[in-house]
Amino acid sequence: MKKRYVVLFLLVVLSILTFLDRLAIAVAGPRIQNQLHISSTAWGWILGAFVLSCGIFEIPSGAMGDRRGQRLELTRIVAWWSLFTSLTGACRSFWQLLVVRFLFGVGEAGAYPNASGVISRWFPKQERARAQSFVWAASRLGGMLAPLLLVPMETKLGWRAIFGMLGVLGGVWAIAWWSWFHDRPSMQPGIQPQELAEIGEPKLMEDQDGVSWRRLLTARPLWLIAGAYWC
């Protein structure tokens, strides 16, 4: 099997995990609110804390991956968010839950920008859109699986246990990613010369002079994509 397909498999698993972890709190929400005596208004703040922090840190986390490499950055992202996923199950009050969910969003921000960075380095141009489609389809699969898997688990084990289990799964992924993946395809053990020729050798950020933020922020396609996604 070509090494880039293993990379894609790991990114697909990552994408499923992101939505399982995001939606776990929605699945467990009624029981959490009841046990911790959280009102609907306060619950809105808890859910919004994740969205706020994820939005704020999305661009910085993506930029860090460009500069430091996606091997390090995705390991950091998944380890961080898995820690705060686990800590969600240990929360005993509104304020604890609010802070933990905000920090959970800080950690998960950048997962998809860095996945895109991996694809740009590991896949030839004619395969990148297809690879992206697998990653994004996997996220929706994770959203579909969340209630199917987590509701029975919550019923049997309680809502606190499911966050601990999800945290462990993320930790396993982070270890596997750090142990196996390399930013440069040419450094990947066992990769064949034919596959390297198909991929080409992309330039990493450290090989370049940098990115012009002015050029990015004045690019019409960027704002069209952002507007479409916002809608």
Side-chain angles (χ1 to χ4, degrees), residues 6 8-55 57 61 74-112 114-115 134-181:
V6 180
L8 182 58
F9 171 76
L10 288 171
L11 293 179
V12 164
V13 174
L14 168 71
S15 192
I16 292 172
L17 286 175
T18 61
F19 270 69
L20 281 175
D21 287 2
R22 288 182 189 191
L23 295 179
I25 197 165
V27 170
R31 197 165 296 187
I32 296 174
Q33 285 182 260
N34 181 56
Q35 288 189 11
L36 301 186
H37 308 291
I38 297 173
S39 68
S40 296
T41 302
W43 187 249
W45 282 102
I46 289 169
L47 297 182
F50 161 76
V51 180
L52 177 64
S53 61
C54 195
F57 289 93
S61 294
L74 277 176
T75 302
R76 194 260 323 158
I77 285 170
V78 178
W80 180 303
W81 104 48
S82 298
L83 170 64
F84 286 99
T85 296
S86 297
L87 289 176
T88 301
C91 291
R92 303 287 175 177
S93 69
F94 162 76
W95 287 108
Q96 288 179 356
L97 198 54
L98 184 72
V99 171
V100 166
R101 296 308 291 183
F102 182 87
L103 293 174
F104 167 71
V106 171
E108 193 170 285
Y112 287 98
N114 279 286
F134 273 96
V135 173
W136 282 94
S139 69
R140 276 54 185 175
L141 176 62
M144 181 197 75
L145 290 175
L148 296 178
L149 296 177
L150 300 181
V151 169
M153 289 171 58
E154 182 195 7
T155 302
K156 289 186 177 181
L157 304 174
W159 66 270
R160 296 185 185 277
I162 64 174
F163 289 101
M165 295 174 69
L166 289 172
V168 170
L169 286 176
V172 170
W173 189 95
I175 293 170
W177 180 258
W178 178 259
S179 301
W180 186 85
F181 178 78

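The structure presented is a predicted model; accordingly, all values stated were derived computationally and were not measured.
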Residue pair [X] / [Y], side-chain heavy-atom distance below 4.5 Å:
X	Y	result
Leu36	Phe94	no
Ile32	Leu97	yes
Val135	Tyr112	yes
Leu150	Leu145	no
Ile25	Ile46	yes
Leu169	Asp21	no
Val78	Trp177	no

Residues which pass salt bridge (Lys or Arg N to Asp or Glu O under 4.0 Å) with Arg31, listed by chain and number, not counting sequence neighbours: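 Arg31 satisfies salt bridge (Lys or Arg N to Asp or Glu O under 4.0 Å) with Glu154 once adjacent residues are dropped.
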Spacing of [atom1] belonging to [X] relative to [atom2] belonging to [Y], to within rounding of 0.5 Å:
X	Y	atom1	atom2	value
Arg76	Asn114	CZ	CG	8.0 Å
Cys91	Trp159	SG	CH2	6.5 Å
Leu149	Met144	CG	CE	8.5 Å
Leu52	Leu47	CG	CG	13.0 Å
Phe102	Leu98	CZ	CG	9.0 Å

Do any N or O atoms from the side chain of [X] and from the backbone of [Y] form a donor-acceptor pair under 3.5 angstrom?
X	Y	value
Trp80	Leu103	yes
Trp173	Leu10	yes
Thr18	Ser15	yes
Ser139	Trp136	yes

Derivation of the side chain to side chain contact (heavy atoms under 4.5 Å, CB included) call for Glu108 and Ser61: CA-CA 9 Å; Glu108 193 170 285; Ser61 294; over 6 Å; no
Looking at [X], I want to see if its [atom1] is surrounded by more than 12 non-hydrogen atoms of other residues, nucleotides or ligands under 6.0 Å.
X	atom1	value
Trp95	CH2	no
Met153	CE	yes
Trp45	CH2	no

Closest approach of [X] and [Y], non-hydrogen atoms and distance?
X	Y	value
Ser86	Val168	OG-N, 4.5 Å
Pro147	Gly143	CD-O, 3.3 Å
Val106	Ser53	N-OG, 3.4 Å
Ser82	Gly171	OG-N, 3.7 Å
Ala26	Pro30	O-CD, 3.9 Å
Phe163	Thr85	CB-O, 3.2 Å

Results of side chain to side chain donor-acceptor pair (under 3.5 Å) for Arg160 - residues two or more places apart only: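 Result, side chain to side chain donor-acceptor pair (under 3.5 Å) vs Arg160: none returned.
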Result of checking Phe57, Phe84, Phe50 against Phe104 for ring pair (Phe, Tyr, Trp, His ring centres under 6.0 Å):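 Testing each of Phe57, Phe84, Phe50 against Phe104, the sole residue satisfying ring pair (Phe, Tyr, Trp, His ring centres under 6.0 Å) is Phe50.
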